[in-house]
Amino acid sequence: MTLGDLDAAERAFADACETLERAGYRSGRARAELFRAGAHARRGRRTEAVTGTRWAVEELEAANVYPALVLVARAVLALLGWSDPAVSLAAVRAHRRIQPPVPDSDLDLAAQRLSARILGLDLDSYYREALTRTDSAAGYYNHNVRIETATGPVNVRIPVTGADMMDLRIWPEVQVLRAIEPFVPAAPRLRWESVHPAYQIQDFISGELLDDIAPRGQLVPDCVPRDVARLFADLRTIPAELLPETPSPRIEDPVEFARRLSDITQRVYRENEHRFGPLYRSLGVPEDPLATVIAGWHTLESRPFRLLHADIHRKNMIIQSGCEVVFLDWELALFGDPLYDVATHLHKMGYQQGERSSFLSQWISAEPEAATGRWEADLRTYLNHERIKSVIVDSVRYAKVLMEGARTADQESALVANLVTKLNAAHEIWGTSSRFDAEFVESKLRACH
């Protein structure tokens, strides 16, 4: 099959399936069916490949053998964009059962490379093509390039070299995408991961970016608050034991979780204070900007933790036909208090009042486990942190953007207006009477060198 002699391969696998069926050799029959599904995949027979793979995986799980082959099964389908929820879930379970002979070896990476060789795919060619392109869409952490392939368009996602890390991160994004695949239909599917060079390939999500059809200040389609609430409910269904490993044991303590958030924000402030201290002072940022927030952490109440997206905003949502939302950019996913997910969403979306109320109402119905006790007070506490964090982080980011001079005048004006709104909100928390306008803020940002 690797050599491409598919007629001979299919005859061999058909003979194997028949012989092993007669022999009653269950795990051998499953393996033969799995590789026959690979031959179907090479022929482009999606239905046969997915059906055969699913059956083989069910048999391997029932016989309690060969969990590494379950990883291969998932990789085969993923490479072609044919992910199946049952196979994906089995792969997540299998990964937890394997103790590799070499500690810290990446079994998913090995499975995908074996599968690519069997299927005759050169995924690195997509990366090489992406490097030649000038039409990438870039965020603060990744470049995204659409590449056309024989199995449809894909998104080649390449980390931004030298990006300032200004958010709490506990997992590589690829681990998160594999973990959510069986549970969250409204997310990109991971096809391929490379470590050296660093990049990943995801399904390309067609549709319109929410920020393009409803930028900040405009009403969003009705499906947006509905689908965000639905996403949070889906994330609640992921068992904690099926999430990626963390460096330290998970403790469902909201105060400890919140302190980790503010520790990162304090680090960003401390590391940038030397160069951007004059900018912070001119914008009225106090010398201890997080003092009020940190003092409020002890009031947080306990509620069941879950996986958090932690970065749902207008530039991370694709609206597909029929008004269905797909959620992008999972690199900041965390395990923590679900109210933090709600807070980051509200802070970054800039809903109008009626939209905000609609979202909260739908979220309460979708995730009643989190809307308990003094949840509204806890939500305000997390929002206070996000508003102050935005000033600390975005003052630096926007100053650098203006120094680079790569944005249009309208884009620069939008950034300045955004920072003005964030500054005025933060000063309410700090209890000052300071209010800023766009002309003043822009002059201070441009004064940085």
Side-chain angles (χ1 to χ4, degrees), residues 26-27 29-31 33-35 37-38 40-41 46-100 106-112 114-115 170-193 200-203 205 227 230-246 250 304-309 324 326-327 330 333-335 366-367 369:
R26 189 173 189 178
S27 65
R29 171 70 175 84
R31 280 176 282 162
E33 187 64 43
L34 176 60
F35 283 95
H40 288 314
R46 177 172 183 166
T47 300
E48 293 89 341
V50 173
T51 301
T53 300
R54 189 188 305 123
W55 183 88
V57 165
E58 289 173 354
E59 288 291 286
L60 292 172
E61 279 204 304
N64 196 29
V65 292
Y66 301 117
L69 281 184
V70 178
L71 301 186
V72 173
R74 183 225 169 260
V76 167
L77 297 184
L79 287 169
L80 298 169
W82 299 347
S83 297
D84 177 80
V87 174
S88 298
L89 180 56
V92 173
R93 289 193 294 257
H95 200 285
R96 307 287 293 186
R97 295 173 52 209
I98 301 171
Q99 293 181 326
D106 192 329
L107 297 177
D108 286 306
L109 201 63
Q112 72 171 20
L114 170 65
S115 302
I170 63 173
W171 295 306
E173 185 180 25
V174 293
Q175 293 183 11
V176 178
L177 292 177
R178 288 193 183 103
I180 67 174
E181 192 172 281
F183 303 94
V184 181
R189 299 290 178 250
L190 178 70
R191 294 198 182 192
W192 177 261
E193 172 199 7
Q200 56 176 290
I201 297 177
Q202 302 176 357
D203 286 348
I205 306 300
D227 284 1
R230 180 187 298 168
L231 172 68
F232 289 169
D234 287 343
L235 294 176
R236 171 68 65 190
T237 67
I238 305 176
E241 63 270 18
L242 295 185
L243 293 175
E245 298 283 356
T246 54
R250 297 191 187 103
F305 277 25
R306 63 159 167 81
L307 180 70
L308 318 177
H309 182 288
E324 296 290 332
V326 178
F327 300 91
W330 290 79
L334 303 170
F335 182 72
E367 197 179 9
E369 303 93 335

For this session: Evaluate the criterion side chain to side chain contact (heavy atoms under 4.5 Å, CB included) for residue pair H95 and R178; output intermediate values, then yes/no.
Result: CA-CA 11 Å; H95 200 285; R178 288 193 183 103; over 6 Å; no
Checking [X] now: which residues fulfil side-chain hydrogen bond (donor to acceptor under 3.5 Å, both in side chains) with it, not counting sequence neighbours?
X: Q99; value: none
X: W192; value: Y199
X: E59; value: R26

Which heavy atom in [X] sits nearest to a heavy atom in [Y], and how many Å separate them?
X: P188; Y: I205; value: CA-CD1, 4.1 Å
X: S115; Y: A75; value: OG-CB, 3.5 Å
X: L334; Y: I170; value: CA-CD1, 4.0 Å
X: A49; Y: A41; value: CB-N, 3.8 Å
X: L235; Y: H309; value: CD1-N, 4.1 Å

Problem set entry | Candidate pair I98 and L71, rule side chain to side chain contact (heavy atoms under 4.5 Å, CB included), full reasoning | CA-CA 10 Å; I98 301 171; L71 301 186; 3.9 Å; yes
Is [X] reaching over with its side chain to a backbone N or O of [Y], donor-acceptor style, under 3.5 angstrom?
X: R46; Y: H40; answer: no
X: T237; Y: D234; answer: yes
X: W171; Y: L243; answer: no
X: R189; Y: A187; answer: yes

Problem set entry | Partner residues of F335 under the ring pair (Phe, Tyr, Trp, His ring centres under 6.0 Å) criterion, sequence neighbours left out | F305
Problem set entry | With sequence neighbours excluded, residues passing salt bridge (charged side-chain N to carboxylate O under 4.0 Å, His left out) with R306 | D341, E367
Taking the side chain as C-beta and beyond, is there a heavy-atom pair between [X] and [Y] under 4.5 Å?
X: R230; Y: E324; result: yes
X: L190; Y: R74; result: yes
X: E193; Y: Q112; result: yes
X: R191; Y: S83; result: no
X: L242; Y: F183; result: yes

Ignoring hydrogens and angles, write down the donor-acceptor pairs under 3.5 Å from the side chains of residues 84-92, residues two or more places apart or on other chains.
unit_1: D84; atom_1: OD1; unit_2: R54; atom_2: NE; d: 3.3
unit_1: D84; atom_1: OD1; unit_2: R54; atom_2: NH2; d: 2.8
unit_1: D84; atom_1: OD2; unit_2: R54; atom_2: NE; d: 3.3
unit_1: D84; atom_1: OD2; unit_2: A86; atom_2: N; d: 3.1
unit_1: D84; atom_1: OD2; unit_2: V87; atom_2: N; d: 3.1
unit_1: S88; atom_1: OG; unit_2: D84; atom_2: O; d: 3.0
unit_1: S88; atom_1: OG; unit_2: E181; atom_2: OE2; d: 2.3

Exercise. Can you check salt bridge (Lys or Arg N to Asp or Glu O under 4.0 Å) on E61 and R97, steps first, answer last?
Worked result: CA-CA 11 Å; E61 279 204 304; R97 295 173 52 209; 5.6 Å; no
Problem set entry | Interatomic distance, L69 atom CG to S27 atom OG [nearest 0.5 angstrom] | 9.5 Å
Exercise. Can you tell me how far the CG atom of L231 sits from the CG atom of L307, to the nearest 0.5 Å?
Worked result: 9.0 Å
For this session: Check step by step if side chain to side chain contact (heavy atoms under 4.5 Å, CB included) holds for V76 and W82.
Result: CA-CA 9 Å; V76 167; W82 299 347; over 6 Å; no
Exercise. Using a distance-only test with no angle check, is there a side-chain donor-acceptor pair under 3.5 angstrom linking Q200 and E173?
Worked result: yes
Exercise. Among R250, Q175, R96, which one satisfies side-chain hydrogen bond (donor to acceptor under 3.5 Å, both in side chains) with E245?
Worked result: R96
